Amino acid sequence: MKNAPTKDTPAASVAPASFSREWLQLREGADNAARNYDIANAVSARFALRDQVSVVDLGCGTGANLRATASLLPNTQSWLLVDSDASLLDAARDMLSRWADSADASKDGLVLTKGHTTINVEFANINLASDLDRALAGRPGLITASALFDLVSEDFIRKLARACAAINAAFYAVLTYNGVQRWSPHRPADNQIASAFHRHQMGDKGFGPAAGPMAATHLADQFRLNGFSVLEGESPWVLGRNDRMLIEELVRGHAMAAGETGLVDAKSIETWIKVQRNGAQIGHTDMFAVPGASSPL
Ligand SMILES: C[S@@+](CC[C@H](N)C(=O)[O-])C[C@H]1O[C@@H](n2cnc3c(N)ncnc32)[C@H](O)[C@@H]1O
């Protein structure tokens, strides 16, 4: 789920949605715990016999997807990290340098080592809504994205699936919000807030009307239509007492989004936000798709 942006784009604007480094850092641990193990294994198996792989990460934020995915891939990797937010690309450079065992500046980015793996990283400040082709021009073997697709339109997903097919690339999308949310303790107003939140999600986040909670379904449909074998698995956040800050931030983001739709009155939102939550489940889907009829496993 991609809420709690610092200045999420109102429905009328076409500027890319904006996310703070702090929010992305706050969610990274929960994201890592949520990733679907079977899907990750399928990715690992697919590349197990290769010496190297080139990867493009769409909407990379602070580089969390590279940090989580690199261990699944061959020991020589080239990554292009793409984002429309230059400050997040700077944060990615900084955080990846600190995550790696060693980090050296290269002509175009960084050379990292982590264990036995060498990772060349380049950074590209690209608005994917208008320039997807530029992001994929290097014809990567793997296209990946984490926590991105609820922001994009169904049209963008269609275009992306066609583009992956055209270059015969595998595709790994993790942590796509799928519309499931359960708050603990439950309150009757949860359903009304969820409906308003989903309405807000389907506003324009820079790509046209956003797929919101339908993104995972659209991804699977479009990749299958383009001849990919698709494997999907759940990757929910299961948050408890140790995730107090993340839960509070989620509640705040939901309340703000629901309020912006005008579908829930201010008093109801105020009451809802005051409920002490000790848990939440937020549904996500991970997906791995490989071109052609071969099984991704
Ligand atoms: C929810 S964040 C996920 C970041 C990262 N993948 C992660 O898992 O932590 C969505 C990311 O998509 C980027 N983004 C949003 N709209 C974009 C666009 N039109 N072009 C490129 N990046 C975009 C944001 O700047 C942000 O970094």
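None of these values were measured; they are calculated from a predicted model. Residue numbers start at 1 and run along the sequence shown. For ligands, and for the atoms within them, numbers begin at 1 and follow the listed sequence. As a basis for the values below, the full set of heavy atoms in this structure was taken, side chains included, without hydrogen atoms, waters or symmetry mates.
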Is [X] close enough to touch ligand 1? Criterion: a residue heavy atom under 4.0 Å from a ligand atom.
X    : result
I126 : yes
W23  : no
C60  : yes

With atom 19 (N) of ligand 1 as the reference point, say which of L175, N127, D150, N32 has the nearest heavy atom.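 Checking each option, the heavy atom nearest atom 19 (N) of ligand 1 is found in N127.
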Minimum non-hydrogen distance to atom 25 (O) of ligand 1, winning option of D85, V174, D83: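 That would be D83.
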State the CD1-CG distance between I119 and L96, to the nearest 0.5 angstrom.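 Nearest 0.5 Å value for the CD1-CG distance: 8.0 Å.
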Using the rule that Ile, Leu, Val, Met, Phe, Trp and Tyr join whenever any side-chain heavy atoms are under 4.5 Å apart, tell me whether L128 and L136 fall into a single cluster. yes
Nitrogen or oxygen atoms of [X] and ligand 1 under 3.5 Å apart:
X    : value
K205 : no
G59  : yes
S146 : yes
S84  : yes
L151 : no

Quick one: does any side-chain atom of S44 pair with a main-chain N or O of A40 as donor and acceptor, under 3.5 Å?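 Not confirmed, S44 side chain does not pair with A40 backbone.
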Report the part of L128 in contact with ligand 1, treating N, CA, C, O as backbone and CB onward as side chain, heavy atoms under 4.0 Å; options are side chain, backbone, both, neither. both
State yes or no: are the ring centers of Y172 and F228 separated by less than 6.0 Å? no
Kindly state whether the ring of H218 and the ring of F156 have centres lying under 6.0 angstrom apart.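 No - the distance between ring centres of H218 and F156 does not fall below the 6.0 Å cut-off.
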Just wondering, are more than 12 heavy atoms of other shown residues or ligands nearer than 6.0 Å to CZ in R158?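 Result for CZ/R158: enclosed.
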Who passes side-chain hydrogen bond (donor to acceptor under 3.5 Å, both in side chains) against Q281, sequence neighbours left out? none
